[in-house]
**Q** 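Below you'll find the structure I mean.
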Amino acid sequence: MFESEQKRIETQIKTYCKEHDLPVREIAWSWIPFSGNWGIAASFFQLAADDARAKGLKINVPQRAQEIAGSIADAIELSEAFERVEAVKGYLNIYFSGKIYAMRVIDSVLREKTAYGQGDATGQRVMVEFSQPNTHKAFHVGHLRNVILGNSVCNILAKAGNDVIRANYLGDIGLHVIKWMWCYLKYHDGEVPSGDITRWMGDLYAEATRRHESEPEAEAEIRALFARWDQRDPDVVALWERTRQWSLDGFDEIYRTLNVKFDHLYFESEVEDSGKEIVDELVAKGLAVDERPENPVVVKLDELCGTKEKYRVLVVLRSDGTSLYATKDLSLAIKKFEQFQLTRSIYVIDVRQSLYMQQIFKTLELMGYPWTKDCYHLAYEIVNLPGNVTMSSRDGTVVFLQDLLDEATARALAIVEEKNPALDAETKQSIANKVALGALKYSMLSRDNTKIVTFDWDAALDFNGQAAPYIQYAGVRANSILRKAGGVVPAALPLEYDLTVVEIELIDLVSRVPKEIQRAAAECKPLFIANLAYDIAQAFNNFYRLCPVIQAEPQVRDFRLRLAAASRQAIVNCLALLGIETPEVM
RNA sequence: GCCCUCAUAGCUCAAUUGGACAGAGCGUUUGCUUGCGGAGCAAAAGGUUGGGGAUUCGAAUUCCUCUGGGGGCGCCA
């Protein structure tokens, strides 16, 4: 908001240091705590310590830092954008001119609207691969975190100024698909899915797994079917195409419900053949060892890298010549960069794949691809059930996505009925969807990627406290004020009264949106945005309680209307980055 | 055995990336609606940041070590 003025002050400080024989260093600005007034702060401890070291002096650092801050405070000349400067406990605090700052923040939010927070174009093209569901399998709450996180990271990266390609990589072939088809042919031939497609597919997969374990002849039959697939037996291929489509239709439905879109779809089946060529190349280059048919084709990474028990061994092809996950992933990585000229490739995959991802990247590096340094595994922890039980479609310990969504929406709808009985049914349903989905998404995005989420029905369906509905509600309240005031946001106007502390805090938080977006993008952490959205909502509720808007005198009223509109916009923008919609009423 | 990861209020999590008094929600206790929407607000109680050491003017944050959870480690994905 005050970048140019800030630069000028930095120059002044550096000049002062030069003139007074002090070390010159970059100034790291931070916010001033204890809000009430706002501005920027820089500490001088480091500078004081460096100075003492350089001159061989023994000093009390905090005291010396305070002296330096004090004399800089005296020497500095402020433009009218700043109100005052003071030295406190070794910090130099420079307070913005409240009125100018407040106007700038609100004006820019209302001018830019949904684009508020949009960063300058970085020229970077980033592909984010996420979701990666397997066809012929269930889609449960454990898969939800990936989709929600990946989607939000895409939103944030794009908002930060990157050209983002949203990619999905579907596991449409492999042993699990063959197993599914075996069970289908033997026990369900001719059946078609009804109702919830994904669940139907998932149930059949669970049955296949059960039968595979209990029926002695299963193993041989499944292997025979795999062989027919490998020969591209037309009947098997036709069945595969038909059943695969069922899953894809089911996934489309889920993505539509979650409001998630992809720019590009990759299928495992399309990189299988090229993957096998990569394996040949690896063997030819001496990077992989082919000991078939006794052993599979492996890349002995530790031997190649001179490391011990770090990268282990990557198996790239089965001894019978069929492909593995790694076969296809190597090929896919190359395809991505060639196809889209990426500057960065992000894989949103759970933390259990960390070693595997390192192996893939290392192998590609050994093959000589210079872009492997631009590949990044965004690891997140999994969603467990209470008692540290991992969700597993095989063991039937899953919470189905649809069940969760239905339950959440039903509860949200009941509350809307209670709060807003006059609304028409369609509006109520739409609000319930936004609230329920918001609550689920927020609960997964408001904690660090490295933290395990323990799924708990009550926690997932709690609409109170630090949760999306609280934030949405703040936006709705702002909307309500604006509606009552005639639905028109007043044009920009000069600020003619002294702001209260709560207004200042609110404006301060609203002003942080662009910087937090950059920070969240740099670290792929939607958490930062989730926290900020909550802080803004909380500050808005304070404002709502303490600062009358509609009954205020005209000039105050108009400014506060603008502040309410800006607050709502900031909330809407932040929630949008998390993939959460803000309703008009709720 | 090797590697990764987590440990902060009774519970679930934050903490501007090494800075100013470690903050929220839930739960507990006590209050607040002829006032712009109570899915809200205010107050109280709750902490030796798992233990120990090191670096630093300064450590929840970095390093070492120990303890305790979770995960991964040659033909699953």
Side-chain angles (χ1 to χ4, degrees), chain A residues 28 30-34 41 43 45-46 48-49 52 59-65 88-91 93 132 134 137 171 174-176 268 292 295-300 308-320 322 324-326 329 350-356 358-359 379 381-382 384 388 390 412 415-416 418-420 435 443 446-448 450-454 456 458-459 462-467 469-470 472-474 476-485 512 515-516 519 523 527-528 530-531 534-535 538 541-542 544-552 560 564 585-586:
Chain A
S30 58
W31 300 308
I32 305 175
F34 322 121
S43 76
F45 300 109
Q46 196 66 59
I59 53 151
N60 177 328
V61 170
Q63 196 182 330
R64 178 73 184 128
V88 183
K89 295 181 184 172
Y91 289 83
N93 292 342
Q132 308 111 326
N134 285 322
K137 273 194 182 182
L175 201 56
H176 74 277
E268 276 192 37
R292 285 178 293 171
N295 291 304
V297 182
V298 298
V299 180
K300 297 183 178 173
K308 265 181 83 178
E309 298 192 75
K310 181 174 183 193
Y311 293 109
R312 311 277 167 165
V313 170
L314 179 64
V315 182
V316 291
L317 200 68
R318 286 199 187 89
S319 47
D320 64 4
T322 55
L324 287 157
Y325 209 51
D329 250 332
D350 81 64
V351 69
R352 294 172 299 187
Q353 313 279 338
S354 291
L355 172 61
Y356 171 74
Q358 276 192 58
Q359 291 176 324
E381 266 292 357
I382 57 172
N384 275 345
N388 236 332
T390 303
I415 299 174
V416 180
E418 181 197 324
K419 307 276 178 193
N420 267 312
V435 170
S443 70
S446 61
R447 65 194 60 216
D448 218 326
T450 53
K451 288 263 169 52
I452 295 173
V453 171
T454 302
D456 177 65
D458 289 333
D462 191 356
F463 298 152
N464 297 315
Q466 184 164 1
Y470 174 93
Q472 291 168 320
Y473 182 62
V476 164
R477 279 177 142 184
N479 210 30
S480 177
I481 293 178
L482 295 166
R483 201 172 44 242
K484 286 229 161 80
R512 292 184 193 183
K515 266 192 181 165
E516 286 299 282
R519 216 162 64 87
E523 299 190 38
L527 165 67
F528 295 155
N531 282 344
Y534 178 73
D535 290 342
Q538 211 172 31
N541 278 330
N542 264 320
Y544 183 90
R545 178 171 58 94
L546 295 170
C547 301
V549 177
I550 292 173
Q551 290 96 331
R560 286 183 175 165
V585 293
M586 65 189 272

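Lettering follows sequence order; numbering is per chain, from 1. Worth knowing before you read on, the calculation uses all heavy atoms, side chains too, and leaves out hydrogens, waters and symmetry mates.
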**Q** For A:Phe45, enumerate each residue passing the ring pair (Phe, Tyr, Trp, His ring centres under 6.0 Å) test, keeping only those at least two apart in sequence or located in another chain.
**A**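 Testing A:Phe45 for ring pair (Phe, Tyr, Trp, His ring centres under 6.0 Å), a comparison that skips the adjacent residues, returns A:Tyr91.
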**Q** Side-chain N or O of A:Arg545 versus OP1/OP2 of B:rG38: is the shortest distance under 4.0 Å?
**A** no
**Q** Which helical stems does RNA chain B take part in, if a stem means at least 3 consecutive Watson-Crick or G-U pairs with both distances below 3.5 Å?
**A** B:1-7 with B:67-73, B:10-13 with B:23-26, B:28-32 with B:40-44, B:50-54 with B:62-66
**Q** Look at the side-chain N and O atoms of A:Lys451 and state whether any lies under 4.0 Å from the OP1 or OP2 oxygen of B:rA7.
**A** yes
**Q** Can a side chain N or O of A:Ser480 be found less than 4.0 Å away from OP1 or OP2 on B:rG37?
**A** yes
**Q** Just jot down the side-chain contact (heavy atoms from CB on, under 4.5 Å) partners of A:Tyr544, sequence neighbours excluded, or say none.
**A** A:Arg477, A:Ile481, A:Phe540
**Q** Strictly below 4.0 Å: does A:Lys310 bring a side-chain N or O up to OP1 or OP2 of B:rC4?
**A** no
**Q** With rounding to whole Å, what would you report as the distance between B:rA7 and B:rA60 at their C1' atoms?
**A** 11 Å
**Q** Partners of A:Arg447 by side chain to side chain donor-acceptor pair (under 3.5 Å), sequence neighbours excluded?
**A**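 A:Arg447 satisfies side chain to side chain donor-acceptor pair (under 3.5 Å) with no residue once adjacent residues are dropped.
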**Q** Taking only residues two or more places apart in sequence, or in another chain, which ones meet A:Asn384 in a side-chain contact (heavy atoms from CB on, under 4.5 Å)?
**A**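 Here the qualifying residues are A:Ile382, A:Asn388, A:Thr390, A:Ile452.
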**Q** In whole angstrom, give me the gap between the P atoms of B:rG18 and B:rU61.
**A**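 Looking at atom P only, B:rG18 and B:rU61 are 11 Å apart.
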**Q** For the P atoms, the ones on B:rU49 and on B:rA43, what distance do you get once it is rounded to whole angstrom?
**A**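 One P to the other, the span is 25 Å.
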**Q** Under the ring pair (Phe, Tyr, Trp, His ring centres under 6.0 Å) test, which residues partner A:Tyr311, sequence neighbours left out?
**A** none
**Q** Does A:Tyr311 make a side-chain N or O approach to OP1 or OP2 of B:rC4 shorter than 4.0 Å?
**A**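 Negative; the distance criterion is not met.
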